[in-house]
Amino acid sequence: MAIERTLSIIKPDAVAKNVIGKIVSRFEAAGLKIAAAKLVHLSRAEAEQFYAVHKERPFFKDLVDFMISGPVFVQVLEGENAIAKNRDLMGATDPKKAAAGTIRADFADSIDANAVHGSDAPETAAVEVAFFFPAANVYSR
Ligand code: UDP
């Protein structure tokens with residue numbers, strides 16, 4: 001299976017709950033390695049650019065408001081099948097529909113405050129990783 005990189009964001013709700021470590025430990029337990037990481041408070045312009053694909057959706061403004069409501073913990077996860085593996089660990093977008101034991105089932109409150117973001121495909125992963133980290137600051141181990 002291919003070694004992939006994916007972008008993970010621990011969103012402001014989970015950062016505020018002080019569960020960064022609990023979430024990161026799930027990635028590590030699943031065999032994903034942290035190849036880059038930082039805490040960052042996004043500007044409105046940055047959040048709008050990151051979520052530009054959703055700009056016509058009715059929830060766009062609320063999503064941007066939420067994503068800039070506090071700092072987020074951004075990581076590059078690396079490993080076999082990392083993109084799908086991270087999505088499995090996250091669970092469904094709506095925590096009410098997320099499978100038991102997933103990050104969203106355990107830490108998310110609602111479809112908008114849903115604890116984590118994860119890239120959904122190789123193309124988006126490449127764009128999202130580059131959005132936050134220059135290639136020289138991503139470390140394969
Ligand atoms: N979102 C929302 N309301 C919705 C659908 C999505 O607030 O009805 C937010 C939610 O935070 C979600 C993000 O928009 O994580 C991106 O939506 P997407 O469908 O890409 O879900 P994801 O890939 O994050 O599971």
Side-chain angles (χ1 to χ4, degrees), residues 1-135 137-141:
M1 224 177 281
I3 299 292
E4 293 176 336
R5 287 177 175 174
T6 190
L7 187 84
S8 163
I9 303 178
I10 301 180
K11 294 185 179 182
D13 57 325
V15 172
K17 284 182 186 171
N18 209 24
V19 292
I20 293 172
K22 285 185 176 160
I23 293 174
V24 169
S25 71
R26 294 189 181 202
F27 300 142
E28 292 183 332
L32 296 171
K33 292 184 174 176
I34 313 300
K38 64 182 173 187
L39 201 57
V40 56
H41 196 147
L42 294 171
S43 68
R44 180 170 295 279
E46 287 168 334
E48 287 176 349
Q49 188 187 340
F50 184 79
Y51 277 119
V53 66
H54 292 309
K55 66 176 184 295
E56 305 302 336
R57 309 281 287 275
F59 57 80
F60 180 68
K61 175 156 190 314
D62 287 345
L63 173 60
V64 169
D65 285 344
F66 168 64
M67 289 300 287
I68 66 173
S69 65
V72 295
F73 189 70
V74 191
Q75 309 132 89
V76 177
L77 305 177
E78 188 174 76
E80 276 189 9
N81 211 17
I83 296 166
K85 195 178 271 186
N86 180 41
R87 300 282 300 184
D88 287 348
L89 293 169
M90 290 164 56
T93 308
D94 181 352
K96 290 199 286 291
K97 297 180 184 151
T102 60
I103 292 167
R104 282 168 166 165
D106 290 344
F107 299 113
D109 296 323
S110 65
I111 192 166
D112 29 46
N114 64 357
V116 280
H117 165 87
S119 308
D120 62 2
E123 300 73 26
T124 45
V127 171
E128 291 179 1
V129 166
F131 184 89
F132 284 103
F133 299 100
N137 294 150
V138 184
Y139 302 97
S140 294
R141 292 184 283 127

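In listed order, ligands and their atoms are each counted from 1.
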Shell of residues surrounding ligand 1, defined by a 4.0 angstrom heavy-atom cut-off that is strict: K11, H54, F59, L63, R87, T93, R104, I111, D112, N114
Short side-chain to backbone donor-acceptor contact, H41 and I68, under 3.5 Å: yes
Polar side chain donor-acceptor pair, R87 to T6, under 3.5 angstrom: no
Short side-chain to backbone donor-acceptor contact, E4 and A82, under 3.5 Å: yes
Pair D65 + K61: basic N to acidic O under 4.0 Å: yes
Salt bridge (Lys or Arg N to Asp or Glu O under 4.0 Å) against K55, all qualifying residues, sequence neighbours excluded: none
Residues D106, K22: salt bridge by 4.0 Å N-O rule: no
